[in-house]
Amino acid sequence: MSDLFFQRLFAERIGGGNYGKSTEIYKFEKIKRAKRKALADYPDRALLDFGIGENDEMAAESVRQVMAAEIDKPANRGYADNGVAEFKQAVARFMARQFEVKLDPATEINHAIGSKPALAMLPAVFINPGDVTLMTVPGYPVAGTHTKYYGGEVHRLPLLAENDFFPDLDSIPADIRARAKLLVINYPNSPTGKVATREFYERVVDFARANEVVVVQDAAHIMLSFEGEPLSFLQIPGARDVGVEIHSLSKGWNMIGWRMGWVCGHERIVRAFSDVKDNCDSGQFIATQKAAAAALDDPEIPLQTREKYHRRLKKLVDVLDRLGFNCRMPGGSYFLYMPSPRGVKGGPTFDSAEAAGQYLITEHSICTVPWDDAGAYLRFSVTYEAADKRAEDALMAETEKRLKGVEFVF
Ligand SMILES: Cc1ncc(COP(=O)(O)O)c(C=O)c1O
């Protein structure tokens, strides 16, 4: 069939006239297809799914009850615009209680419909054509995609084991630093599991000041911090003068589908963000905001989430260690990120993590997510569905049994 007229009209940012014609298959689609094939080829072999990156549990019952009650209130029916005071005040209480960070709920906090849209909108606040966003890789690419939509460029900062999974800010060429406007970081980091230190954040503040760059710290996994108490970027002296932190109720509160997050930090950046946001959406449903406020007021919820994923990560580290993988407990997140095997003794060799991932799913029905952006690594997620601790142990035993005879080469 010949092209319809609109094919020529697609914007260059999505591929222009070639939009929809690429035969390239994206990583996550490849994984989906491999999963389907494994299920079809081995219908009697359970798929061990360490590929899912979403919490496996519903939001707390107490939060669902608030939602159910708020749904019935006529006052909650309308546009929420930039958010209701109840949610912002709950965020201010949470930030003060958890991090001793004092924020003015009226000016230094704004809700977002999850942290993803906040990351998508912040480039609109700062990026003109030719400006640069500095971004760590591997990572969550949304701010970079939107930077490019606005005619900006992305400078990738690889997270390497030899740099302890921190970006090497000194390696950024002078011309890139001169054009850089945003530095997007993410700690606890997904997928490496690295948590930030005070020293690292202090270096980030110094870098931002010296180079006049705004910091966007993505704290989506912050309540899944296992090394001491969670650390907010805003706890660092001077941080508020150079940037904002983005938070999410998705991970720590099991509210992934509820779409609630917030941007907090410097009043002027928060205001500019809310102006852009006001032109993109009309706010999250007020009942959801009130339920999220109730979730923030209950310190037990993120503690339980943290305890559960910490327990599951420890079990998986034990098993994978015995199988020869070189993995250590992550500092945070629900991911284990480890060097990918280069092959199997007496079996295939792998030229990438993607090849190793394909082997695991095809030959053993074990699903992982490969990362080849900064070295070959495999990511195992512990958000698998398991009803209780016994079910977790059974899954671990099955994983070990399936891979026991395989001698991986690293
Ligand atoms: C590092 C990171 N940031 C942000 C997000 C977006 O989370 P949400 O939009 O659910 O708040 C995710 C989701 O997977 C993530 O992994």
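For ligands, and for the atoms within them, numbers begin at 1 and follow the listed sequence. The residues of the chain are indexed from 1 along the displayed sequence. Hydrogens, waters and symmetry mates are skipped; everything else that's a heavy atom, side chains included, is used.
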Between Tyr337 and Phe380, ring centroids under 6.0 Å: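 They do not qualify: ring centres at least 6.0 Å apart.
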
His247 ring center within less than 6.0 Å of Trp262 ring center: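 They qualify: ring centres under 6.0 Å apart.
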
Steps toward side-chain hydrogen bond (donor to acceptor under 3.5 Å, both in side chains) verdict (Asn55, Tyr334): CA-CA 9 Å; Asn55 299 44; Tyr334 38 51; 2.8 Å; yes

Residues Glu354 and Gln358: side-chain donor-acceptor under 3.5 angstrom: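 No, no side-chain donor-acceptor contact under 3.5 Å.
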
Check ligand 1 for close polar pairs with the protein: N or O on both sides, less than 3.5 Å.
{"residue": "ligand 1", "atom": "3 (N)", "partner": "Asp218", "partner atom": "OD1", "Å": "3.4"}
{"residue": "ligand 1", "atom": "3 (N)", "partner": "Asp218", "partner atom": "OD2", "Å": "2.5"}
{"residue": "ligand 1", "atom": "7 (O)", "partner": "Ser115", "partner atom": "OG", "Å": "3.2"}
{"residue": "ligand 1", "atom": "9 (O)", "partner": "Ser115", "partner atom": "N", "Å": "3.2"}
{"residue": "ligand 1", "atom": "9 (O)", "partner": "Lys116", "partner atom": "N", "Å": "2.9"}
{"residue": "ligand 1", "atom": "9 (O)", "partner": "Arg259", "partner atom": "NH2", "Å": "2.7"}
{"residue": "ligand 1", "atom": "10 (O)", "partner": "Ser250", "partner atom": "OG", "Å": "2.6"}
{"residue": "ligand 1", "atom": "10 (O)", "partner": "Arg259", "partner atom": "NH1", "Å": "2.9"}
{"residue": "ligand 1", "atom": "11 (O)", "partner": "Ser115", "partner atom": "N", "Å": "2.8"}
{"residue": "ligand 1", "atom": "11 (O)", "partner": "Ser115", "partner atom": "OG", "Å": "2.7"}
{"residue": "ligand 1", "atom": "11 (O)", "partner": "Ser248", "partner atom": "OG", "Å": "2.7"}
{"residue": "ligand 1", "atom": "11 (O)", "partner": "Ser250", "partner atom": "OG", "Å": "3.4"}
{"residue": "ligand 1", "atom": "14 (O)", "partner": "Lys251", "partner atom": "NZ", "Å": "2.7"}

Heavy-atom neighbours of Arg97 CZ exceed 12 at 6.0 Å: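 Yes, because the 6.0 Å sphere around CZ of Arg97 holds more than 12 heavy atoms from other groups.
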
Arg36 and Asp41 ion-paired at < 4.0 Å: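 No, Arg36 and Asp41 are not salt-bridged.
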
